[in-house]
Amino acid sequence: MLAFLLTLGALLGVVIVLAYAERKVAAFMQDRMGPTEAGPQGSLQAVADVLKLLQKEDIIPAAADKKLFKLAPILIFAAVFAGFAVIPFAPALVPAGIGIGVFYLLAVVSLDVVGLLMAGWGSNNKYAMLGAMRSVAQIVSYEIPAGLAILSAVMICQSLDFQEISYQQGALMNQFPGMEYDMNWLFGIRELGINTTTIGGITTWNIFRAPILLVSFIIYFIASLAESNRAPFDIPEAESELVAGFHVEYSGFRFAVLFLAEYSMMVLVCLVAVILFLGSWNTPLPNIGPVSLAYWTSGTVGELSSILWGIFWLLSKTFVLLFLQLQLRWTYPRLRVDQLMHLCWKVLTPVALVVVLLAGIWRMLMI
Amino acid sequence: MRNNTTGFWYVVKSLLSGLRLTWSHFRKANKRRTPEYVSDANYFKQDDGLVTLKYPYEAIPVPDNGRYRLHNEIDDCIVCDLCAKICPVNCITIDSVKATEDIGTTSDGTKKRLYAPTFDIDMAKCCYCGLCTTVCPTDCLTMTPVYDFSEVDIKNMVYHFTDLSPEQAEEKKQLFAKQQEEMAAAKAAALAARKKG
Ligand code: SF4
Ligand code: SF4
């Protein structure tokens with residue numbers, strides 16, 4: 001229960017920051033100023049928006065399927081929020097450390113699609129319907145390259161446990177029960193004979209441990225943009241064609257929940273990308289000879305220092321990715337539906353399949 | 001022949017150049033345009049940075065002789081009614097009362113003979129043609145650089161320039177009526193005296 005509340009609180013905080021950042025970043029990239037009035041530099045704008053939404057009337061269209069309409073936002077948010085349960089925030093801090101975390105996450109986040117369809121169908125609105133259909137088609141399609149990209153990381157790590165995957169990517173690896181004698185080699189190739197187990201830092205991140213995962217990372221990142229309906233894959237909510245897509249009929253609190261779910265999804269996919277590919281909560285600084293930067297910036301496992309360092313590194317890497325998501329949104333135009341499907345089925349999926357194969361071969365070099 | 005606007009590397013390059021563009025704008029966001037007049041040497045040289053002007057807090061200066069809100073310097077007005085007559089939309093309302101005594105001169109030396117109990121300009125009707133300012137013989141009706149004077153109540157768009165309170169205006173009217181009566185009485189007396197004589 002405590003973990004639930006803490007995660008929810010932290011998520012709300014991050015989403016508020018993100019919503020504000022989105023507006024500011026968008027403004028700066030377009031030579032505008034963004035919010036300036038509420039609070040210093042407009043920093044309370046997102047809070048004010050949420051307060052405004054909470055006071056609004058909750059309108060349910062007369063012709064809507066009331067049960068589906070009411071339930072959908074809750075289901076969407078619950079599906080995304082459930083994904084956070086298995087995210088390790090620091091060496092000894094994970095809301096629910098289950099052994100098949102990666103599998104669970106993929107499964108539970110897919111539930112999102114059901115909620116989207118309920119919202120679109122239940123609204124009894126042509127735009128919502130079209131938006132929901134596009135959204136479902138897109139998410140279901142992009143789950144395949146995303147899943148394959150995740151699979152290649154899982155094959156390299158030989159684990160479905162996010163916490164185990166995290167430990168493998170840093171100098172603290174041998175402190176994880178069951179991995180006391182495991183070793184990391186530079187680029188994952190044992191033959192090179194350079195042992196990076198105690199060097200840690202960036203050299204043990206998955207994209208360095210097995211450089212083939214860099215390709216996986218890019219595939220996953222592209223697919224995750226599509227899964228969270230972000231530009232340039234925002235055809236489900238293309239404002240210029242569909243008004244707002246599946247949530248066009250929503251107002252007030254329910255709209256706030258959908259909004260929250262959308263931004264939570266962004267945070268979640270970035271967290272997963274960081275954990276699987278970019279060294280999770282591990283520091284990027286390696287130990288160099290007597291200068292043990294990695295140990296200094298990791299803290300001691302089980303103590304407060306390690307939790308603080310872990311959360312700091314995890315969040316800073318996540319925010320870098322989130323910034324990239326924002327920048328992509330304000331840089332690239334929206335794809336057409338056929339281009340979207342072309343990219344998914346004819347480009348990303350075959351490449352992801354090849355990467356899975358190569359990742360299997362790479363794993364042979366690592367042992 | 002190979003078309004050099006397709007292919008993997010071309011696409012990657014063009015994607016990266018897009019990111020570079022937004023990033024360069026993002027990086028220059030600490031700079032801002034300054035609100036300068038168009039004649040300023042800097043006006044056309046501020047290519048980088050945010051272009052937004054925080055309007056009520058900052059404003060680009062307006063030309064000195066632009067057409068904006070009217071102002072009447074009532075002390076210099078001789079209440080000649082020329083402005084009201086020329087106004088194409090009839091937005092100037094003037095009432096005049098003849099003065100009974102000497103009420104001084106305007107700053108350019110013209111003698112003032114009339115009071116203006118009403119001198120109203122309805123800015124909501126005004127079309128800023130500027131005709132009234134050109135005909136004004138004493139140059140007391142002028143355009144000011146104020147252009148932002150929207151009101152919640154349209155009645156507030158009527159500007160009252162008179163310097164007389166209603167009581168004072170009433171008093172002046174009565175004074176004038178009394179003077180007229182006295183003059184009429186004097187005339188009648190003179191007439192009677194002539195008839196007699
Ligand atoms: S500017 Fe033109 S419209 Fe306005 S008060 Fe003067 S004469 Fe009338
Ligand atoms: S023209 Fe000038 S002097 Fe004459 S009434 Fe109008 S403002 Fe007064």
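Note on naming: letters A, B, ... go to the chains in the order of the sequence lines (proteins, then strands), and numbering restarts at 1 for each one.
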- What are the two closest heavy atoms between B/T52 and A/R32, and how far apart are they? OG1-CA, 3.3 Å
- Message: Need one label for B/R27: side chain, backbone, both or neither, based on atoms under 4.5 Å from any heavy atom in chain A.
- Response: neither
- Message: Atom CD of residue position B/E171 - does it have more than 12 heavy atoms of other residues, nucleotides or ligands inside 6.0 Å?
- Response: yes
- How are the rings of B/F26 and A/F28 set relative to one another: parallel (under 30°), tilted (30 to 60°) or perpendicular (over 60°)? tilted
- Query: Nearest 0.5 Å, what's the NZ-CG distance between B/K31 and A/D31?
  - Reply: 10.5 Å
- Could you tell me whether B/Y55 atom OH has more than 12 heavy atoms of other residues or ligands within 6.0 Å of it? yes
- If you look at every heavy atom in A/L328 and B/L19, which pair is closest and at what distance? CD2-CD2, 3.8 Å
- Nearest atoms (heavy-atom pairs only) where B/T22 meets A/M29: O-CG, 3.7 Å
- Query: Side chain, backbone, both or neither: which part of B/L21 has an atom under 4.5 Å from a heavy atom of chain A?
  - Reply: neither
- Message: Is it the case that atom CD1 in B/I154 sees more than 12 heavy atoms from other parts of the structure closer than 6.0 Å?
- Response: no
